[in-house]
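Okay, structure first, notes after.
These values consider heavy atoms only, across backbone and side chains, with no hydrogens, waters or symmetry-generated copies. All figures in this text were calculated on a predicted structure; none of them were measured in a lab.
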Amino acid sequence: MKAELEQSLAEAVKALFAVDQAVELTRPEEQFGDYATNVALQLAGQIGKKPREIAETLAEKLRADLEGRVSDISIAGPGFINLRLSDTALAGMLRGEPAKFLQGKTVVAEYSDPNPFKVLHAGHLYTSVVGDAIANLLEQAGATVHRVNFGGDVGLHVAKAMWAIERELGGEVPAKLDEIPEAERADWMAAAYVKGTQAYEAGEPAQAEIIALNKRIYQLHTDGDHDSPFAQIYWTCRQWSYDYFDAFYARLGTKFEKYYPESQTAPLGLQTVRQHTGDVYTESDGAVVFDGEKYGLHTRVFINSEGLPTYEAKDVGLIMKKWQDYHFDTSVIITGNDIIEYMKVVLKSIEQFQPELAERSRHLTHGIVKLAGGTKMSSRKGNFLRAVDVLAAAGEANRRLVGQDNQQIALGAVKYAFLKVRMGGDIIYDPEESVSLEGNSGPYLQYAHARARSILAKAGSEGAPVQDFEAGERSLARKISEYTEVIDKAAAELMPHHLCGYLYELAQTFNRFYEHNRVVGDERQDVRLALVVAYAETLKAGLGLLGIASPDKM
RNA sequence: GCGCCCGUAGCUCAGCGGAUUAGAGUACUUGGCUUCGAACCAAGGGGUCGCAGGUUCGAAUCCUGCCGGGCGCGCCA
């Protein structure tokens, strides 16, 4: 409806003033109407007339052109044109489908990116929740989405963990791993990583030993060694990590199509960087670097003087592997914002030899999850908030409030808290208070859904087609009709928070309607039931895109 | 030092390809359950949109400069 009206308005403008001017409709406050445009103000400069005069002329023509679809057109303020839809037009928008503007496109969505041998912290929870919602929005827009996950199963952090694990086991004794209970594996490895890091930072002799171990781990991959005692320990612990990740994602309700372990992207990255050393990358102090300064960026090392690929080369390999696997139209990469400049350098280097890969890559970033008080969480120091701690805090808060620990509600509360703010900056998470489950929250939306389902269950009918609305009904219908426009915007901008804001307004509008309008037993029951059905389905669909469940009862 | 991001109500945040009266939530004050679920609804107080200039008929929104905070800047990821 919106696009059609915009088209009609642009045609009217052209017919009256002989000007090609794109017309953009916005959703104004309800008192002004259903749609508004400031096109008269934009035209004023171009055709040298007063905005209100232009608006009057345009409105006159539109009243005839839009007959049937629009019931009222008014001019307000400096020259806004406010449109009010006819009830029949509005009723027709109640069950609209979002546009499939990415139909036929292939998108690779990479997010979460935890490292094996390390613990999942609150930041991983955040990026997993946001990444999943963005992938859902892309799918809703018609794209074929491949969710992938990148992680460092090789590298210094692994060497640090392995160094400590060997000491825990009393040497290279893989059989001793059997003594670690399954439930404790993830914590046990996380503790080893922390010990290894502390030893590394304390200096020699551990530092040299860990560096040697790092080379050995790369070598293990090069040789395809799965049999030596050292390799057995490595592969077993690595698998424990992936099991731990999978369990966590299952709990969140997200699922990855593929993991790209760094051990698999490193060889291709190394080979690619070597291949372009000379024309794109340059040798410097025994390392291979990309001179980003030429492009207003900074210089970074892609292969270190040990001959090992750094994160940079592994990322080059990753992007190339994704391309080989999917030939994507767009590659969305979601990470923390601390690597914005880093990513620019990597993409700029790739642009030099395969420009389409850089062009099709879109780096979205988010800030860190902070504890109230400004504490940064660092898994290196061991004083951080784990992902499971966040979920536990939400469950605990919910139990205190309603006497039961409902996973769907606790998870919905956490997801919504993360999704409702615009992605980019840091988010403040207060384990004690931010999951209070009140106000603009996931549980509020879930409750607003359950209330509607409760009415429908009681009525046992889905109402009848709507012809006209009373004021309260119309407000709800108007809000429901915005759904497809919001989805289009959220998907186009890859910003789920737009959807959150809208769903909250939708639920609020419904709760207001619920308060003032009896449904079951009222003489307008049929109309109102039809509205409640449309509302419940819309809210459920929206929450679904956010990865939040819509229980019928709670 | 250079680069990127951020600064809106006590707190947490929307709004930022300019435009109808700066909005939510929370906290605070007050009212509403014999009627479809009160995890709800209604009303109220609370803002020099960091500061100063500039562009514009019109700036929280665009430009410049400051101030304050965060992050990044060669062998970590």
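Residue A:S284 places its side chain closer to B:G74 than to any other of B:A14, B:C75, B:G74. Distances were taken from every side-chain heavy atom of A:F32 (C-beta onward) to each of B:U20, B:A77, B:C76; the shortest belongs to B:U20. Each of B:G3, B:A39, B:G37 was ranked by its minimum atom distance to the side chain of A:E341; first place goes to B:G3. Distance from the side chain of A:A287 is smallest to B:C75 among B:A77, B:C75, B:A39. Nearest to the side-chain atoms of A:D285 among the listed nucleotides B:G74, B:C76, B:A39 stands B:G74.
At the heavy-atom level, A:R512 lies under 4.0 Å from the strands shown only through sugar-phosphate atoms. At the heavy-atom level, A:N440 lies under 4.0 Å from the strands shown only through sugar-phosphate atoms. A:N517 comes within 4.0 angstrom of a nucleotide base, judged by non-hydrogen atoms across all strands. Among the protein residues, A:D113 comes within range of no part of the nucleic acid, since none of its heavy atoms lies under 4.0 Å from any strand. Residue A:P51 is out of contact with every strand shown, counting any heavy-atom pair closer than 4.0 Å.
Taking atom CD1 of A:I303 as the reference point, atom P of B:A77 lies 13 Å away to the nearest angstrom. One can place CD of A:Q46 at 15 Å from P of B:C57, the figure rounded to the nearest angstrom. Atom OH of A:Y295 and atom P of B:C73 are 21 Å apart (whole Å). Put simply, CZ on A:F302 is 13 Å from P on B:G74, counting in whole angstrom units. Between A:L476 atom CG and B:C41 atom P there is a gap of 14 Å when expressed in whole angstrom units. Atom CG of A:L503 is separated from atom P of B:A24 by 18 Å (rounded to the nearest Å). The distance between atom NE2 of A:H363 and atom P of B:C5, rounded to the nearest whole Å, is 14 Å. Taking atom CG of residue A:N337 and atom P of nucleotide B:G3, one finds them 19 Å apart after rounding to whole Å.
In this structure, B:C66 and B:G50 make a Watson-Crick or G-U wobble pair, each of the two defining distances being under 3.5 angstrom. Using Watson-Crick or G-U wobble geometry with both donor-acceptor distances under 3.5 Å, B:G37 finds no partner in any strand shown. Base pairing analysis places B:A59 opposite nothing; no Watson-Crick or G-U wobble pair with both distances below 3.5 Å involves it. When both distances must be under 3.5 Å, the Watson-Crick or G-U wobble mate of B:G17 does not exist. When both pairing distances are held under 3.5 Å, B:G25 makes a Watson-Crick or G-U pair with B:C11. Across all strands shown, B:G74 has no partner, as no Watson-Crick or G-U wobble contact with both distances under 3.5 Å is found.
Residue A:Y444 places at least one side-chain N or O under 4.0 Å from the OP1 or OP2 atom of B:C41. Side-chain nitrogen and oxygen atoms of A:R451 include none within less than 4.0 Å of the OP1 or OP2 phosphate oxygen of B:C40. Between A:H298 and the phosphate of B:C4, there is no side-chain N or O to OP1/OP2 separation shorter than 4.0 Å. For the OP1/OP2 pair of B:G15 and a distance below 4.0 Å, the side-chain nitrogens and oxygens of A:H498 include at least one atom meeting the criterion. Here A:K553 does not reach the OP1 or OP2 of B:G37: none of its side-chain N or O atoms lies under 4.0 Å away. Between B:G15 and A:R422, a contact under 4.0 Å exists linking OP1 or OP2 to a side-chain N or O. Residue A:Q508 has a polar side-chain atom (N or O) positioned under 4.0 Å from OP1 or OP2 of B:G25. OP1 or OP2 of B:A38 has at least one side-chain nitrogen or oxygen of A:Y514 nearer than 4.0 Å. OP1 and OP2 of B:A77 both lie 4.0 Å or more from every side-chain N or O belonging to A:Y311. Between A:N511 and B:C41 there is a side-chain N or O to OP1 or OP2 distance below 4.0 Å.
Closest-nucleotide positions on RNA chain B for A:V421 and A:M554 were compared, and the one nearer the 5' end corresponds to A:V421. Nucleotides of RNA chain B nearest to A:G501 and A:E24 differ in position, and the one nearer the 5' end is that of A:G501.
At a threshold of 4.0 Å, the pair A:E482-A:R478 counts as salt-bridged, since one of the basic side-chain nitrogens sits closer than that to a carboxylate oxygen. Salt bridge status for A:R474 with A:D34: present, with a side-chain N to carboxylate O gap under 4.0 Å.
Aromatic pair A:H298/A:F290: ring centres not closer than 6.0 Å. Taking the six-membered ring where the residue is Trp, the centroids of A:H157 and A:F117 are separated by 6.0 Å or more. Note: A:Y281 and A:F302 meet the aromatic proximity criterion, with ring centroids under 6.0 Å apart.
The separation of B:G54 from B:G15, taken at their P atoms, amounts to 29 Å, rounded to a whole angstrom. Separation of the P atoms belonging to B:C66 and B:A27 is 42 Å when rounded to the nearest angstrom. Spacing between B:C63 and B:U26 at atom C1', rounded to whole Å, works out to 36 Å. The separation of B:G32 from B:G23, taken at their P atoms, amounts to 28 Å, rounded to a whole angstrom. Taking atom P on both nucleotides, B:C4 is separated from B:A14 by 22 Å, rounded to a whole Å. Nucleotides B:U8 and B:G70 place their P atoms 15 Å apart, quoted to the nearest Å. Using C1' as the reference atom, B:G3 and B:C40 are 50 Å apart when rounded to the nearest Å. Using atom C1' as the reference point in both B:G69 and B:A24, the two lie 25 Å apart (nearest Å).
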Give the intermediate values and the outcome of side chain to side chain donor-acceptor pair (under 3.5 Å) for residues A:S128 and A:S112.
CA-CA 5 Å; A:S128 300; A:S112 199; 2.8 Å; yes

Pair A:F510, A:Y535 - check ring-ring contact (aromatic ring centres under 6.0 Å, His included), show working.
CA-CA 8 Å; A:F510 171 75; A:Y535 156 75; 4.1 Å; yes

Should A:R453 and A:D552 be marked as a salt bridge (charged side-chain N to carboxylate O under 4.0 Å, His left out) after you check the CA-CA gap, both sets of side-chain angles, and the distance that decides it?
CA-CA 6 Å; A:R453 293 293 177 197; A:D552 289 349; 3.7 Å; yes

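Look at B:C33: its glycosidic torsion is within 90° of 0, and that puts it in the syn range.
One cannot find a donor-acceptor pair under 3.5 Å joining the base of B:C75 and the side-chain atoms of A:T310. Judged by distance alone with a 3.5 Å cut-off, no donor-acceptor contact links the side chain of A:N38 to the base of B:U20. For a distance-only test at 3.5 Å, the side chain of A:T299 fails to qualify as a donor-acceptor partner of the base of B:G74.
Under the 6.0 Å distance and 45° angle rule, A:R451 counts as a cation-pi partner of A:Y514. Cation-pi check for A:R27 over A:Y35 is met; the charged atom lies under 6.0 angstrom from the ring centroid and within 45 degrees of its normal.
Under a cut-off of 6.0 angstrom, the local environment of CD in A:E30 is crowded, with over 12 non-hydrogen atoms contributed by other residues, nucleotides or ligands.
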Which atoms of nucleotides 33-35 of chain B (N or O only) lie under 3.5 Å from a protein N or O atom, and what are those distances?
from  : atom 1 : to     : atom 2 : distance (Å)
B:U35 : O2'    : A:R518 : NH1    : 2.6

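Aromatic ring pairs are classed by plane angle as parallel below 30°, tilted from 30° to 60° and perpendicular above 60°; the pair A:Y259 and A:Y242 is perpendicular.
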